[in-house]
Number of protein chains: 2
Amino acid sequence: MVDVARLAGVSLKTVSRVVNGEPHVQRAMADRVLAAVAELGFQRNHMASALRAGRASATIGLIIEELANPFYSTIAHVTAEMARDRDTLLLSASSEEDPVREEQLLRDLCSRRVDGLLVVPAGCDHSFLNSQVEMGIPVVFLDRPGTNIDADAVLLDNRGGARSGVRRLVADGHRRIGVLLDSVDVHTMRERLAGAQDALADAGIGYDGALVRDGVRDPATAAAAVADMLTQPNPPTAFLALNNRITVGAVQELWQRGSDAALVGFDDFELSHLMPRPLTVIGYDTRELARRAAQLLFARIDGDRSRPRTVVLPTELVERGLTAGRLPR
Amino acid sequence: MVDVARLAGVSLKTVSRVVNGEPHVQRAMADRVLAAVAELGFQRNHMASALRAGRASATIGLIIEELANPFYSTIAHVTAEMARDRDTLLLSASSEEDPVREEQLLRDLCSRRVDGLLVVPAGCDHSFLNSQVEMGIPVVFLDRPGTNIDADAVLLDNRGGARSGVRRLVADGHRRIGVLLDSVDVHTMRERLAGAQDALADAGIGYDGALVRDGVRDPATAAAAVADMLTQPNPPTAFLALNNRITVGAVQELWQRGSDAALVGFDDFELSHLMPRPLTVIGYDTRELARRAAQLLFARIDGDRSRPRTVVLPTELVERGLTAGRLPR
DNA sequence: CGACGGTCGGACAACGTTGTCATACTCTCT
DNA sequence: AGAGAGTATGACAACGTTGTCCGACCGTCG
């Protein structure tokens, strides 16, 4: 900027005024400045500008589990779009479900003075964020609530969704329903499992530990679990897969064995209607989830000081057969 | 920091030393400072720090077409992971294939003094980036080369891939092959179309404009195009879909009609092995694409001043039938 | 006892920008 | 002509941090 000022023969402040489109600069002088800017390829330093003006950094931070997962990348995309409408960019990072890493990333984002944080929490204690919130960096939790912190959250009706899925299976006459889940350490998994158990209890079906498989982290494990359960005595006649990766593995295994066991999966996914066997899923609107969270965050950034809210979005049982294919979007 | 210094009864510089772990501070004094830091919840301002120290911002910018698309989200994920190994965060934005928006975003990223840029270009002129490169912000193009700029690029062998796909169809006896593409405005599409025509020319099959459909932007359009082409006189006996969204639409339409037309799709995708009809795809390693680009960028950031390189990664024809399902990963 | 080397702490300027205020000039109106 | 209002420009400090340099203090050795 000093160079531009020198080349145009004006003061620093005049350059600043021209660059920021402030009024009260003569046309001729502005042109001289713009010419100098063009010649030197000057570009305002956004960091210095925000520092001096005490302005927001026009950045929001997003912590998710893994960017490559379609669920999270949809969230990232929607929030980035909404941010763009406010000339704000998205700084995103994956926690990989590691609480330590999550805290590191969150601290890093805070030290960069992001305007706000959108977090799909992995950790079990977010109390260290309280001081940041007090100091003006609002936080909104997504998909799972934060712990030891009173902040906004936008969640899904995981319990209700799982309950309606199992209720459907029970209505179809199933009494032995295998449940496959990632890990009870994850809040959403606990909720979904509880919902499944609600439905079983509603139907007066007792709990059978042999029908619940924990630690199913990927499609291959899911396939193996299905195979194993089907070869036990008194096997399940239906399965509930508690996330989309598990569903994919289960679909594959059931299809390859030619098994006619029923399957309900939590999470819809892009090609679910093209799977090689009928697949009923518990769906929800991922974009709406992200949209609501971003709206809440921006309201906080704009000064909303009302009490933290928790929004729970509904799920929907999408019953589909082989021929019910519809094109996405 | 002023408050911390006052509370600890030391000077600013001493606080700075403690916060940055510099040596030559007595244990007792350091403890006093740390206590004050904890009490006040002080967190170093990364922007001011980078500004003063002339240090890098520990941020890289990524411009892609659309974050919600699995291809791009994989790229984002891999680059974010590699960045994290350098304590660098990823500032990502979607161009939505809009050259104007792309330029705005790139300028914004430059004004934030990112350490480097990773770009899947949408625009047709990137000469405005030349001055930024000169001023020390390296740029690496991904998937498509930049225009009017001499910069690194990591590309796929689009032409060779399409050629091998069509060669396969020709070897199976097909002579009328329908080609579906997004837009000839996109570099990768032009290359893939050229590859298809190479293979046809190799086989001595003349060009028939009626067999090429442009402007197929989504699955629904692809399905409609397939339906239309199949109801023309002398219809194609095989299709080449030049990206994964087109492939999905084509799969769906062929399957619903019970058509036995062959189908080869460019781009592999997660559930391609579970599609309801045999699907041969032209695959490649998206993660490797991102990895190589990030490696190049970090080398530039670390001072590599050698001549810009263009890396072309191979594609692979993945021939799959209904029963050849394999689990992903 | 004086000099010396090492350790520790602080004053000050600077990074690139903008808010505040002061100044100089130009109109217009009485 | 002089007051008053508005416009155009610049000098300077400040944002939060750190690099540079200088000085104070300590112990040790000749």
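Labels below follow one simple rule: chain letters A, B, ... track the order of the sequence lines, proteins then strands, and each chain is numbered from 1. Since this is a predicted model, take the numbers as computed values, not measurements.
- In this entry the distance linking CG of Leu12(B) with P of dG19(D) reads 14 Å, nearest Å.
- For dT9(D), neither phosphate oxygen OP1 nor OP2 lies less than 4.0 angstrom from any side-chain nitrogen or oxygen of Ser11(A).
- Glu22(B) has its CD atom 15 Å from the P atom of dC21(D), to the nearest Å.
- Within the structure, every side-chain polar atom (N or O) of Asn45(A) is placed at least 4.0 Å from both OP1 and OP2 of dC15(C).
- Contacts of Val25(A) with the nucleic acid, taken as non-hydrogen atoms under 4.0 Å apart, involve only primed sugar atoms and P, OP1 or OP2.
- Of the side-chain N and O atoms in Ser49(B), one or more sit less than 4.0 angstrom from OP1 or OP2 of dT18(D).
- The 5' end of DNA chain D is approached more closely, in terms of each residue's nearest nucleotide, by Gln43(B) than by the other of Arg17(B) and Gln43(B).
- Comparing dT18(D), dC15(D), dG10(C) against the side chain of Leu51(A) picks out dC15(D) as the nearest.
- Between the CZ atom of Arg112(A) and the P atom of dG16(D) there is a distance of 19 Å, rounded to whole Å.
- If you take CZ of Arg55(A) and C1' of dA14(D), they are 15 Å apart, rounded to a whole angstrom.
- Taking for each of Ala53(B) and Thr14(B) the nucleotide of DNA chain C with the nearest heavy atom, the 5'-most of the two is the partner of Thr14(B).
- Atom NE2 in His46(A) sits about 12 Å away from atom C1' in dT17(C), given to the nearest Å.
- The CG atom of Leu40(B) sits 14 Å away from the P atom of dG16(D) (whole-angstrom rounding).
- Across the protein-nucleic acid pair, His24(A) atom NE2 and dT23(C) atom P stand 19 Å apart, rounded to whole Å.
- Counting only N and O atoms by type, the side chains of Glu102(B) and His126(B) include a donor and acceptor under 3.5 Å apart.
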Protein-nucleotides 23-26 of chain D N/O pairs under 3.5 Å:
none

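- The side chain of Ser16(B) contributes an N or O atom lying less than 4.0 Å from OP1 or OP2 of dT18(D).
- OP1 or OP2 of dT7(D) has not a single side-chain nitrogen or oxygen of Gln26(A) nearer than 4.0 Å.
- Comparing atom distances between the Ala48(B) side chain and each of dT17(D), dG10(D), dT18(D) picks out dT17(D) as nearest.
- Counting any heavy atom pair closer than 4.0 Å across all strands shown, Met47(B) reaches no nucleic acid atom.
- The nearest whole Å value for the distance from the CG atom in Asp3(B) to the C1' atom in dT17(D) is 14 Å.
- In terms of polar N and O atoms assigned as donor or acceptor, the side chain of Arg44(A) never comes within less than 3.5 Å of the base of dG16(C) in a complementary pairing.
- Among the protein residues, Val10(A) comes within range of the sugar-phosphate backbone only, with heavy atoms under 4.0 Å from sugar or phosphate atoms but none that close to a base.
- Both Pro23(A) and Lys13(A) lie near DNA chain D, and the one whose nearest nucleotide falls closer to the 5' end is Pro23(A).
- Side chain Arg52(A) to base dT17(C): no donor-acceptor pair is found below 3.5 Å.
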